[in-house]
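Below is one structure, written out as structure tokens; comments come after it.
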Number of protein chains: 2
Amino acid sequence: MSMQPNIDFTLSTAPQVYEWLRDAILRGELPPGSRLSETEIANQVGVSRQPVREAFIRLTSDGLAEVRPQRGTYIRRISVSAVLSARLIREAVESDLIRMLAEQADDRLLARLDQEIEEQSVAVARNDAETFVRLDDRFHRLLAVAAGQEAVWEVLEGLKSQMNRLRYITARTFDIQKLIGQHAEIVEGLRNHDPALAEQAMRRHLRELLNDLPEISRSRPELFIP
Amino acid sequence: MSMQPNIDFTLSTAPQVYEWLRDAILRGELPPGSRLSETEIANQVGVSRQPVREAFIRLTSDGLAEVRPQRGTYIRRISVSAVLSARLIREAVESDLIRMLAEQADDRLLARLDQEIEEQSVAVARNDAETFVRLDDRFHRLLAVAAGQEAVWEVLEGLKSQMNRLRYITARTFDIQKLIGQHAEIVEGLRNHDPALAEQAMRRHLRELLNDLPEISRSRPELFIP
DNA sequence: TTTTATTTACTAGTATGCAAGTATGCAATA
DNA sequence: TATTGCATACTTGCATACTAGTAAATAAAA
């Protein structure tokens with residue numbers, strides 16, 4: 001592994017190791033199928049095996065790692081069905097939220113959303129896919145918060161982890177311009193206070209997010225569970 | 001605590017301790033706010049602190065426990081907003097699933113669902129609320145499986161844990177007869193291949209599940225996060 | 001009596017040693 | 001050459017010792 005974490009030894013180390021590993025996994029730095037080792041990570045970080053072990057347990061709970069007793073700990077390969085499930089759930093929930101929001105969207109919110117889309121356009125102009133992924137997340141989060149359902153978004157965040165790994169891996173193959181256009185359609189639905197229109201735009205948007213999944217799973221089978 | 005777990009020492013003990021505690025929490029045997037202790041549980045089970053500690057970590061990941069360093073481990077009180085979020089997500093997802101299912105429901109499935117409802121009626125006739133909770137879970141799960149989305153249901157299971165604790169606590173206050181009637185309405189929607197009808201029945205059903213939440217949170221504030 | 005220190009008995013966090021299972025390379029054998 | 005047996009070096013699971021922090025009871029002082 002490349003980087004070294006910044007451990008603050010005045011705080012508990014286990015959660016810090018967890019955060020560090022989780023970030024590395026989601027960013028694709030630790031690719032699916034990688035083999036970890038309690039001892040190895042412990043030496044690298046400068047702590048004992050114990051906190052590392054606890055971090056592994058939490059990663060396993062998240063579905064990001066897999067402990068094979070007496071064999072080793074591995075970064076979980078991506079499950080296509082888990083990714084599709086996460087997408088389906090996102091579509092169901094976010095289309096409900098956007099319909100709620102269409103009835104109550106005010107000018108202040110609409111202005112803020114226009115501004116977000118503007119920022120996204122800047123990112124695409126600079127061909128900065130990674131920034132766009134971050135902005136895209138913020139856009140969807142903002143919609144949930146505006147609907148008064150921030151807690152719902154926090155739950156979705158956890159589910160999205162599998163999708164996020166995929167997005168980082170494939171960040172360069174997105175047709176970002178198209179996605180931004182879809183964001184604009186969603187906002188138009190809100191502006192017209194048209195729940196059905198906003199919902200349809202949202203569903204279309206989220207359905208296309210994984211359009212390239214079949215191709216990726218064909219070209220990079222090592223990332224996926226067979 | 002009352003019961004003792006059945007530990008199979010030829011298998012890993014940590015997961016068994018986890019399952020045991022999780023079950024006790026969901027059933028309300030370990031009520032919200034209870035104080036646990038690694039040492040105490042370890043002695044009771046007959047293992048060292050280590051596997052118990054690992055079980056606590058997983059329970060914390062599930063949002064069922066809360067470790068306060070150097071102070072103790074507590075069963076998390078129920079967060080009303082978390083319960084409401086879980087309900088909203090369930091409604092969004094299950095109404096999408098039921099709409100998908102309405103187009104493809106065959107006689108075999110409908111017969112099976114009728115049979116499930118029959119079983120539920122038997123439970124209510126015996127005034128067996130706990131069995132009904134289990135059957136209710138199975139009914140909704142069956143719908144997800146029939147829609148070809150078992151993986152989606154597995155995800156919902158995790159979210160439902162907060163709702164489930166509440167259900168066990170309040171099992172006696174439910175108007176079970178009414179819930180069974182709503183199940184029947186859902187099945188009628190499927191039988192008529194009417195997605196809109198099935199969806200409306202499902203939404204009504206899931207909205208009423210928490211009707212008594214305000215009253216419970218008033219009468220038993222010790223179970224909830226303020 | 002009230003307030004302040006101090007002791008004592010807890011808690012979880014971490015380090016470490018040992019046990020048991022697994023993979024791998026090498027040597028002996030067919 | 002191909003296969004088997006074994007030594008060795010791993011892996012994680014668990015038990016234990018120790019640390020540091022917390023809380024509450026107790027003792028000392030005002």
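What you see below is based on every heavy atom in this structure, not just the backbone, and it leaves out hydrogens, waters and symmetry mates. Chain A is the first sequence line, chain B the second, and so forth, proteins listed ahead of strands; every chain is numbered from 1.
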| query | Has the side chain of B/Gln162 got a donor or acceptor atom that lies under 3.5 Å from a matching backbone atom of B/Gly63? | reply | yes

| query | Rounded to whole angstrom units, what separation is found between the CZ atom of B/Arg49 and the C1' atom of D/dA17? | reply | 10 Å

| said: Tell me whether the count of non-hydrogen atoms from other residues, nucleotides or ligands lying under 6.0 Å of CG in B/Asp106 goes above 12. | reply: yes

| For A/Asp136 and A/Gln120, what are the C-alpha separation, side-chain angles and deciding distance, and is it a side chain to side chain contact (heavy atoms under 4.5 Å, CB included)? | CA-CA 8 Å; A/Asp136 179 63; A/Gln120 293 166 18; 5.6 Å; no

| task | Grab the OH-P distance between A/Tyr74 and D/dT11 for me, whole Å please. | result | 10 Å

| Atom-to-atom span, CG of A/Leu59 to P of D/dT12 - whole angstrom | 13 Å

| task | Quickly work out the A/Gln50 CD to D/dT12 P distance and round it to whole Å. | result | 13 Å

| Using a cut-off of 4.0 Å on non-hydrogen atoms, how would the nucleic acid contact of B/Glu38 be classed: base, sugar-phosphate, or nothing? | sugar-phosphate

| said: What I want to check is whether the side chains of A/Gln50 and A/Glu54 have a donor and an acceptor closer together than 3.5 Å. | reply: yes

| field | Modelled atom types, side-chain donor and acceptor of A/Tyr18 and A/Asp62, under 3.5 Å | value | yes

| said: Go nucleotide by nucleotide along DNA chain C from the 5' end; which of A/Leu11 and B/Thr39 gets its closest nucleotide reached first? | reply: B/Thr39

| query | Rounded to whole angstrom units, what separation is found between the OH atom of B/Tyr18 and the P atom of D/dG13? | reply | 16 Å

| said: When you measure from the side-chain N and O atoms of A/Ser37 to the phosphate of D/dC10, is any distance below 4.0 Å, counting only OP1 and OP2? | reply: no

| task | Report yes if a side-chain nitrogen or oxygen of B/Arg71 is closer than 4.0 Å to either non-bridging phosphate oxygen (OP1 or OP2) of D/dA23; otherwise report no. | result | yes

| message | Can you tell me how far apart CE (B/Met202) and CD1 (B/Ile186) are? Round to the nearest 0.5 Å. | response | 4.0 Å

| said: Going 5' to 3' along DNA chain C, which are the first and last nucleotides with any atom under 4.0 Å from a heavy atom of chain B? | reply: C/dT11 to C/dT14

| Roughly, in whole Å, what's the span from CD in A/Gln70 to P in D/dT12? | 9 Å

